Amino acid sequence: MISKCLFPVAGYGTRFLPATKSMPKEMLPVVNKPLVQYGVEEAIEAGMTTCAMVTGRGKRAIADHFDISYELEHQIAGSGKEKYLESIRNVLEQGVFTMVRQREMKGLGHAILTGQVLTGNEPFGVLLSDDLCLNDGPGVLAQMVELYKQFRCSIVAIQEVPPEETHKYGVIAGGCLKPGIYSVEQMVEKPAPEDAPSNLAIIGRYILTPDIFDILRETEAGANGEIQLTDALQEQARRGCVMAYKFRGRRFDCGSVPGFVEATNFVYENYYSGD
Ligand code: G1P
């Protein structure tokens, strides 16, 4: 149904310096798996087997991670250590990886526009790997694909946040159609608490219909002087419809050190099976 997922992975990861000086932040491990691999596994589970990476300078390790390492395969073949390669082998068997470089950092909207060459003229997923989402049932993107089948329009994942945190997110307001499903009327990128239309914050999972590209091309720089996806989505909602979906599962803000540590402890306690 939706076969491609876009991964904007060009960001600098300044909050994790010096760790991210020569290593992409998306390769930081949560226990023993790089952050971006959790995202790729979630996309593949949702049927999005083409993972389209919008990369940048200094991000080659991501391309290498999603390729075979012959030397490693050769070294480990037939030994008790093969189990450590299991998850990445599964990913490589099921996924196809395409890449384009974003040459200038002009915001999430600009990154999505850069990815158009990879996604083409069809609906696609977007996954921001900083937001690690874990659920014992279907993953967030798989849940959103189900919703897409009903509504056939762009969908954003949302979560309630404390009012004092709205300035970190895109925030939506809209009519509640069913519990957890909203028809978006308003969207604001990183509002101060007094300007926020609600406490429903956008989390880094989207399904976008391809008309978003024409809108993005016309979108002027907004918050932080960047081309904001949120602004383009607001326009898409005005012209037609955008839905917001309160997903099932836990989300960790791995773009911040406390969120990253919290995710690490959670994965270690709940998913790590040991040696
Ligand atoms: C981006 C989006 C924002 C969204 C957030 C989710 O912001 O612009 O609307 O709420 O991701 O993580 P960023 O965190 O890249 O500044």
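Note: hydrogens, waters and symmetry copies are ignored here, and every other heavy atom, side chains too, is used. The first residue in the sequence is number 1, and the count goes up from there. As the structure lists them, so they are numbered: ligands from 1, and atoms in each ligand from 1. Keep in mind it's a predicted model, so treat the numbers as computed, not measured.
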Item to check | Test of proximity, Ile202 against ligand 1: N or O pairs below 3.5 Å | outcome: yes
Item to check | Side-chain donor/acceptor of Tyr148 to backbone N/O of Pro123, under 3.5 Å | outcome: no
Item to check | Aromatic ring pairing Phe97/Phe66, orientation class (parallel under 30°, perpendicular over 60°, tilted between) | outcome: parallel
Checklist entry - Is there a chain of hydrophobic side chains (I, L, V, M, F, W, Y, each step under 4.5 Å between heavy atoms) that links Ile62 to Val40? => result yes
Checklist entry - For ligand 1, is there an N or O atom under 3.5 Å from any N or O atom of Asp131? => result yes
Checklist entry - Which atoms of ligand 1 sit under 4.0 Å from any heavy atom of Thr230? => result 9 (O)
Checklist entry - Does Asp130 pair with Lys25 as a salt bridge, N-O distance under 4.0 Å? => result yes
Checklist entry - Any N or O on Glu189 sitting closer than 3.5 Å to an N or O of ligand 1? => result yes
Item to check | Proximal ligand 1 atoms for Lys190, defined as those under 4.0 Å from one of its heavy atoms | outcome: 7 (O), 8 (O), 13 (P), 16 (O)
Checklist entry - Can you find a non-hydrogen atom of Leu229 under 4.0 Å from ligand 1? => result no
Next on the checklist: Checking the N or O distance criterion of under 3.5 Å, is ligand 1 in contact with Gly170?
Outcome noted: yes
Checklist outcome for this item: So the atoms of ligand 1 within less than 4.0 Å of a heavy atom of Gln228 turn out to be 8 (O)
Checklist entry - Is it the case that Gln102 and His110 place a side-chain donor and acceptor less than 3.5 Å from each other? => result yes
Next on the checklist: With heavy-atom distances below 4.0 Å as the criterion, list the atoms of ligand 1 near Tyr169.
Outcome noted: 10 (O)
Checklist entry - Between the side chains of Glu71 and Gln75, is a donor N or O closer than 3.5 angstrom to an acceptor N or O? => result no
Checklist entry - Contact between Asp130 and ligand 1, counting heavy atoms under 4.0 Å? => result no
Checklist entry - Is there at least one protein heavy-atom neighbour under 4.0 Å from atom 14 (O) of ligand 1? => result no
Checklist entry - Any N or O of Arg251 that comes nearer than 3.5 Å to an N or O of ligand 1? => result no
Next on the checklist: Under a plain distance cut-off of 3.5 Å, with no hydrogens placed, do His65 and Gln37 share a side-chain donor-acceptor pair?
Outcome noted: yes
Item to check | atom 11 (O) of ligand 1: the protein heavy-atom neighbour that sits closest, reported with distance to 0.1 Å | outcome: Leu128 CD1, 3.3 Å
Item to check | Test item: protein heavy atom less than 4.0 Å from atom 7 (O) of ligand 1 | outcome: yes
Next on the checklist: Ignoring hydrogens and geometry beyond distance, is a side-chain donor-acceptor pair present between Gln236 and Thr209 at under 3.5 Å?
Outcome noted: yes
Item to check | Gln186 side chain vs Pro197 backbone, donor-acceptor pair below 3.5 Å | outcome: no
